[in-house]
Participant: 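Below: one structure in structure tokens.
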There are 2 protein chains.
Amino acid sequence: METDEKTSARTSYHHGDLRAQLLEATRQLVEEKGPDRFSVSEACRRAGVSTAAPYKHFKDKEEMLHHIALAGMERQRQQMLEELSLCSAGTLDRVVAMGRVYIRFARAEPGVFRLMFGLSEDHADHCDMVQLGDDTFTVVQSEVAKCHGRDTIIESDVNEAFLLWSFVHGLSFLLIDGKLKDAKVPFDLETTLREVAERVVGTEISGG
Amino acid sequence: METDEKTSARTSYHHGDLRAQLLEATRQLVEEKGPDRFSVSEACRRAGVSTAAPYKHFKDKEEMLHHIALAGMERQRQQMLEELSLCSAGTLDRVVAMGRVYIRFARAEPGVFRLMFGLSEDHADHCDMVQLGDDTFTVVQSEVAKCHGRDTIIESDVNEAFLLWSFVHGLSFLLIDGKLKDAKVPFDLETTLREVAERVVGTEISGG
DNA sequence: TCTTGCATGTTAGCATCTCTAACATATGTT
DNA sequence: AACATATGTTAGAGATGCTAACATGCAAGA
């Protein structure tokens with residue numbers, strides 16, 4: 001007499017798992033249609049509830065998208081940490097791995113990736129996103145420091161990490177925007193990542 | 001008996017300059033509220049016409065935004081060419097200048113910049129934007145080639161130009177997204193640009 | 001067990017938005 | 001002057017975000 005299958009229509013008045021299912025529908029729609037074309041109504045349709053239901057769980061549309069963006073950042077971070085665990089400590093492999101995962105995530109989930117960054121600039125308002133972003137950036141800095149045989153991060157590590165981040169971030173956007181036709185830039189991603197990492201981490205760039 | 005001032009309410013039935021004024025209102029709103037929060041209605045209010053008026057000039061909202069994005073690309077390109085004209089030929093200064101203008105534009109018009117890139121990926125559908133983007137990218141490649149003393153672009157120039165573009169593009173986004181607190185990355189932009197350009201253009205990076 | 005409170009659904013409805021249809025007005029051509 | 005065309009208007013359909021008021025089911029204590 002409880003709820004039916006999660007996939008089909010429910011039998012009871014209450015849903016049982018609406019919050020999670022709304023978030024999943026939101027994530028899917030952001031991916032399918034892009035963050036700007038997402039609508040709460042359609043997520044409701046997909047979850048099989050009325051259009052007023054979400055507002056028992058979320059303040060507004062923005063909060064729903066915020067959850068998706070934050071979850072995306074956590075997923076990306078987690079994938080980085082997994083990949084890191086496969087590389088031996090203090091090697092450039094680890095820096096390359098983080099870049100590879102960053103770009104892989106952007107290509108695998110361009111909608112969510114765009115949501116994490118490209119959209120409105122009020123991300124800075126949400127301290128949880130800022131915090132998580134900072135944490136991940138700190139990991140990069142730490143890896144850079146370890147490449148230099150240090151355990152504490154100094155300013156040059158921050159600068160190098162930031163150069164790497166900028167590059168990888170920009171490349172991610174150019175790739176998912178389709179600005180880089182394969183014909184136009186016939187590069188090998190892994191090779192490029194490694195060479196950039198070598199140039200940046202291998203050489204001191206004062207930067208201010 | 002003709003139209004009144006452009007700034008105030010009009011006296012005649014017809015507007016006289018609606019298309020241009022709608023585009024200007026659109027540009028302003030994209031800048032003020034962000035591309036995702038722009039509404040045609042508000043542009044109409046600002047231009048002092050009914051909400052049906054724009055559809056005599058544009059197919060739909062998307063076409064209006066498309067014009068703004070394209071105009072932004074042209075503006076950015078123009079600024080690059082101006083800055084280029086101040087540098088002597090074949091120098092790294094020219095490459096640095098293009099990057100500087102790229103980032104300056106992103107910071108000066110973050111709304112339009114986001115519209116040019118961050119939004120939906122259907123930019124690839126509009127061949128005029130693709131064409132203009134390619135043209136500008138070709139200029140970068142050409143400048144890189146000239147730094148190497150060549151007049152024709154070879155594959156390594158394409159790769160180097162693409163590395164520079166990725167970096168500058170990513171940095172632009174990180175800056176306008178507020179991901180880089182000044183406290184977090186205390187770098188000097190000009191110095192950084194130059195050092196990156198030196199590292200990239202100065203050194204052969206095969207990349208594929 | 002009853003009942004009462006709270007969480008979580010529903011329907012109804014308002015305000016806003018995009019876009020179209022039908023109509024109105026100015027302009028320029030013949 | 002008559003007419004075609006360009007460009008404005010109002011009216012309204014359909015979608016959306018969100019709220020208010022109501023309904024339903026679960027859970028905990030009298």
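When reading the values below, keep in mind they use all heavy atoms of this one structure, side chains included, and skip hydrogens, waters and symmetry mates. Lettering of chains follows the sequences in order, A, B, ..., and the numbering in each one begins at 1.
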Participant: Return the value, rounded to whole Å, for the distance between atom CG of B:D36 and atom P of D:dG17.
Facilitator: 13 Å
Participant: Verify whether the ring centers belonging to A:F137 and A:F162 lie closer than 6.0 Å.
Facilitator: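 Ring-ring flag for A:F137/A:F162: false, centres at least 6.0 Å apart.
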Participant: What is the distance from CG of B:D17 to P of D:dG8, rounded to the nearest Å?
Facilitator: 10 Å
Participant: In the structure I gave you, are the side-chain heavy atoms of A:V49 and A:Q21 within less than 4.5 Å of one another anywhere?
Facilitator: no
Participant: Under 4.0 Å between a side-chain N/O of B:H57 and OP1 or OP2 of D:dA6, yes or no?
Facilitator: no
Participant: Whole angstrom is fine here: how far is it from CG in A:L22 over to C1' in D:dG17?
Facilitator: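 So the CG-C1' distance, A:L22 to D:dG17, works out to 14 Å.
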Participant: Measure the distance from NZ on A:K56 to C1' on D:dC22 and round it to the nearest whole Å.
Facilitator: 10 Å
Participant: For every nucleotide of nucleotides 12-19 of chain C, 5' to 3': is a protein heavy atom under 4.0 Å from its base (B), only from its sugar-phosphate (S), or from neither (-)?
Facilitator: -----SBB
Participant: Tell me whether the centres of the aromatic rings in A:F173 and B:F117 are closer together than 6.0 Å.
Facilitator: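 No, the ring centres sit 6.0 Å or more apart.
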Participant: Are A:K59 and A:H66 packed together at the side-chain level, in the sense that at least one heavy-atom pair is separated by less than 4.5 angstrom?
Facilitator: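 No, side chains not in contact.
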Participant: For A:D177, is there an ion pair with A:R114 - N to carboxylate O distance below 4.0 angstrom?
Facilitator: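 Judged by the 4.0 Å cut-off on N to carboxylate O distance, A:R114 and A:D177 do form a salt bridge.
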Participant: Take the protein atom CG of B:L18 and the nucleotide atom P of D:dT7, then report the distance between them rounded to whole Å.
Facilitator: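 That distance rounds to 9 Å.
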Participant: Using atom CD of A:Q21 as one end and atom P of C:dT8 as the other, report the distance to the nearest whole Å.
Facilitator: 15 Å
Participant: Between A:S172 (side chain only) and A:V168 (backbone N and O only), is there a donor and an acceptor less than 3.5 Å apart?
Facilitator: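 Between the backbone of A:V168 and the side chain of A:S172 there is a qualifying donor-acceptor contact (under 3.5 Å).
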